[in-house]
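Notes follow the structure.
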2 protein chains.
Amino acid sequence: MANSLPDVVAAALRVLDSYGLEFCSMRRVAAELDVQPSALYHHVPNKQTLLALMADDLVSEVDGDDARSLCHALRRSMLAVRDGAEVVATASAFRLGVSGVEKQLADLVGDDGARTLLLFTFGHTQSTQTHRQASAVGAIDEDADLDASFDRGLSIILTGLTHRATCR
Amino acid sequence: MANSLPDVVAAALRVLDSYGLEFCSMRRVAAELDVQPSALYHHVPNKQTLLALMADDLVSEVDGDDARSLCHALRRSMLAVRDGAEVVATASAFRLGVSGVEKQLADLVGDDGARTLLLFTFGHTQSTQTHRQASAVGAIDEDADLDASFDRGLSIILTGLTHRATCR
DNA sequence: ACCTGAACACCGTTCAAGT
DNA sequence: ACCTGAACACCGTTCAAGT
């Protein structure tokens with residue numbers, strides 16, 4: 001009967017995916033667990049911390065051999081849940097969350113390159129999710145367009161990184 | 001005595017700069033104008049629209065001859081007001097706001113280039129403002145570091161754009 | 001045209017108290 | 001350790017009514 005912290009995080013992610021960030025309130029997460037709102041504060045000091053834990057969970061399986069596949073994997077993880085990109089981007093602005101991915105990227109392309117790739121990946125994926133919700137459900141054509149647009153942006157940055165290192 | 005729409009937008013920007021986005025509520029904006037909350041709905045249909053008008057106002061003076069100076073000008077405009085980057089980035093995700101800047105950039109570097117530069121500029125500037133508020137007030141050293149980091153990211157993307165066009 | 005007053009359906013968080 | 005119940009100080013938005 002008693003809930004643990006992972007239970008709370010999982011419930012919060014279910015609420016997020018069903019209703020979106022705007023309606024992912026502490027009260028709804030509590031209702032999802034059939035518990036009073038105040039009960040959540042036994043597991044988590046505040047909502048911000050819960051959101052950070054959700055972000056950690058979202059990116060925990062991100063992996064890849066090179067910078068490009070790492071960014072694509074990060075994008076896929078965030079797209080898997082409604083408003084996932086916004087949750088991860090906000091948490092990582094506060095220096096929680098993606099740190100593992102950031103380190104892997106930094107080893108491959110340096111600090112500035114990692115930062116540039118990460119900010120582009122967050123922004124583009126957030127924008128993808130915003131437009132996904134604005135248009136009718138399941139616009140598969142638009143999804144393919146946005147994936148291609150994302151990959152072209154990645155190419156621009158990666159070309160910049162290569163030429164800075166080898167030609168200048 | 002009677003307020004106009006520009007009065008409302010100006011009051012909202014004052015509240016934003018003083019208290020931050022989190023506390024920039026319709027009720028506080030109303031109080032800033034010595035008016036009941038419901039009075040705002042005579043000027044604006046909802047909060048989202050007010051935020052979009054604030055974003056328009058923030059970027060209205062952005063101008064520059066080349067892509068780099070355009071991005072720096074955009075960054076400066078957003079940094080001028082507390083949480084300005086978040087307001088502009090969110091509004092532009094919904095296709096309002098920065099469209100003028102986006103068009104200027106697209107003429108200079110193409111659609112993909114404009115998008116990549118814009119998303120990087122939003123993300124980096126938001127991150128700058130987050131860290132500004134986290135650390136003690138007026139950390140001038142850190143501001144200079146972040147400006148330099150921003151410019152290096154810009155260089156990476158601009159190098160990528162040049163070499164894609166001329167060498168490939 | 002611009003605003004008031006009152007209401008509705010929500011928030012995050014705290015805290016004493018229960019088991 | 002985990003939860004309830006009640007409270008506090010807020011939200012955005014609507015709507016009839018006033019001037």
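Naming: A, B, ... by sequence-line order, numbering from 1 per chain.
- Between A:Arg27 and C:dT13, a side-chain N or O to OP1/OP2 separation shorter than 4.0 Å is absent.
- For B:Ser38 and C:dT4, the shortest distance from a side-chain N or O to OP1 or OP2 is not below 4.0 Å.
- The side chain of B:Arg28 places an N or O atom within less than 4.0 Å of a non-bridging phosphate oxygen (OP1 or OP2) of D:dC11.
- For C:dA1, the OP1/OP2 oxygens have no side-chain nitrogen or oxygen of B:His43 closer than 4.0 Å.
- A sub-4.0 Å separation between OP1 or OP2 of D:dC3 and a side-chain N or O of A:Asn3 is present.
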Notebook entry, point to check: Pairs counted as Watson-Crick or G-U wobble with both distances under 3.5 Å: what dot-bracket string results for DNA chain C, using | for bases tied to another strand?
Noted result: ||.|||||...|||||.||
What's touching nucleotides 17-19 of chain D from the protein side, N or O pairs under 3.5 Å?
none

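- The minimum heavy-atom distance linking A:Leu117 with A:Ala67 is given by the pair CD1-CB, 4.1 Å.
- With 3.5 Å as the limit, one finds a donor-acceptor pair spanning the side chains of A:Thr128 and A:Arg75.
- Screening A:Asp112, A:Thr116, A:Asp111 against B:Arg152 for a side-chain hydrogen bond (donor to acceptor under 3.5 Å, both in side chains) leaves a single residue, A:Asp112.
- Within 6.0 Å of the CG atom in B:Asp65, the count of heavy atoms belonging to other residues, nucleotides or ligands does not exceed 12.
- Donor-acceptor pairing under 3.5 Å is lacking for the side chains of B:Arg82 and B:Ser18.
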